[in-house]
Amino acid sequence: MLSLDLFGAPTARCGDGVVTLDFDADAYSCHYDPVEHGWEAGAEPLLPIWREPEVSDDRLEAGDPRLFLRAWCAALTSFFRKPIRSLMMEAMHLGQAPFQRSAAPAQNLAARFERMSLYLPYRASCLLRAYALLHYLSYHGHRADWVIGVQLFPFRAHCWLAIDDMLIGERVHLIEDYVPIFRLRQS
């Protein structure tokens with residue numbers, strides 16, 4: 001089931017503040033009085049406990065480089081100068097095409113994607129990387145949730161992919177300080 005509420009403004013409690021993601025302005029805002037924004041004083045959010053998957057086989061198969069390049073081309077051609085709302089709307093339709101489902105689990109495919117990404121001439125932002133990985137997984141017939149997380153003091157935002165509580169192409173130690181503010185569910 002696909003769900004996407006891009007018409008509200010997702011919020012997340014981060015320590016003594018509240019962060020709001022405004023899809024219309026394509027921006028974040030921070031407020032430092034959580035009670036004013038409907039949060040109980042002293043109430044800390046329940047954060048998900050993420051786990052890293054066990055990768056059993058990250059060896060490349062014959063079609064992987066072609067699908068990897070296809071995923072990056074698709075992501076790059078539709079990524080630039082688009083607000084995050086548009087990217088999320090497009091991501092909802094990934095995986096609905098009649099692709100052949102790969103026998104390899106999503107975590108193995110993500111490991112292959114990471115391995116091939118080492119040869120890219122640039123380091124992509126987390127948003128672009130997650131978008132390209134979504135394309136790559138969809139070409140193999142898999143879906144994953146797109147998660148956006150934030151932190152305050154200092155403010156930072158990061159995004160990653162997950163299936164339930166299992167990270168796809170990400171490490172726990174890199175996201176443990178982020179509070180999820182939005183999750184595009186595709187499973």
Side-chain angles (χ1 to χ4, degrees), residues 2-55 75 79-92 94 106-107 110-111 113-114 117-118 120 122-137 143-187:
L2 300 175
S3 65
L4 181 61
D5 178 15
L6 294 177
F7 301 105
T11 60
R13 172 87 184 258
C14 298
D16 291 332
V18 174
V19 177
T20 302
L21 173 56
D22 184 350
F23 285 113
D24 291 325
D26 210 16
Y28 297 92
S29 60
C30 303
H31 309 280
Y32 297 100
D33 186 5
V35 176
E36 183 180 310
H37 292 282
W39 295 85
E40 282 185 35
E44 289 296 320
L46 294 174
L47 299 177
I49 299 174
W50 301 106
R51 61 187 176 93
E52 290 182 28
E54 292 184 27
V55 176
F79 182 81
F80 291 104
R81 295 196 175 128
K82 282 195 177 176
I84 194 165
R85 177 191 304 264
S86 297
L87 296 175
M88 293 281 179
M89 296 297 277
E90 289 176 13
M92 284 182 57
L94 291 176
Q107 61 266 24
F113 182 88
E114 287 179 31
S117 293
L118 294 173
L120 291 174
Y122 57 88
R123 181 161 161 75
S125 68
C126 61
L127 192 63
L128 178 56
R129 185 182 160 284
Y131 193 55
L133 181 53
L134 275 174
H135 279 82
Y136 182 74
L137 291 174
R143 292 182 175 179
D145 298 347
W146 197 352
V147 183
I148 299 173
V150 294
Q151 94 174 47
L152 282 178
F153 313 115
F155 175 79
R156 293 189 307 173
H158 185 56
C159 67
W160 60 91
L161 300 183
I163 297 175
D164 297 325
D165 64 345
M166 183 175 60
L167 297 173
I168 302 297
E170 189 61 86
R171 304 289 178 266
V172 170
H173 72 277
L174 297 176
I175 64 160
E176 63 191 359
D177 293 334
Y178 291 94
V179 176
I181 191 170
F182 183 78
R183 185 171 189 159
L184 175 65
R185 295 203 180 265
Q186 295 201 34
S187 47

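Both backbone and side-chain heavy atoms feed into the values below; hydrogens, waters and symmetry mates do not.
Residues satisfying the side-chain contact (heavy atoms from CB on, under 4.5 Å) test with A27, not counting sequence neighbours, are A25. Looking at residues two or more places apart in sequence or on another chain, you find a salt bridge (Lys or Arg N to Asp or Glu O under 4.0 Å) between E114 and R129, R171. Checked against side-chain contact (heavy atoms from CB on, under 4.5 Å), F153 has the following partners two or more places apart in sequence or in another chain: Y32. Residues satisfying the salt bridge (Lys or Arg N to Asp or Glu O under 4.0 Å) test with R156, not counting sequence neighbours, are none. Checked against side-chain contact (heavy atoms from CB on, under 4.5 Å), A130 has the following partners two or more places apart in sequence or in another chain: W146, C159, L161. For Y178, the ring pair (Phe, Tyr, Trp, His ring centres under 6.0 Å) criterion is met by H158, not counting sequence neighbours.
Side-chain contact between D26 and R85 is absent, with no heavy atoms from C-beta onward closer than 4.5 Å. A 4.5 Å side-chain heavy-atom check between I84 and I148 finds at least one atom pair inside the cut-off. With contacts defined as side-chain heavy-atom distances shorter than 4.5 Å, the pair R13/V179 does not qualify. Contact of the L137 side chain with the F113 side chain is not registered, since no non-hydrogen atoms from C-beta on lie closer than 4.5 Å.
A distance of 10.5 Å separates CH2 in W50 from CD in E170, rounded to the nearest 0.5 Å. Here the CD1 atom belonging to I168 is positioned 5.5 Å from the CD atom belonging to Q107, to the nearest 0.5 angstrom. Distance CD/E90 to NE2/H135: 7.0 Å, rounded to 0.5 Å.
Scanning both residues, I181 and L21, for their nearest heavy atoms gives CD1-N, 3.7 Å.
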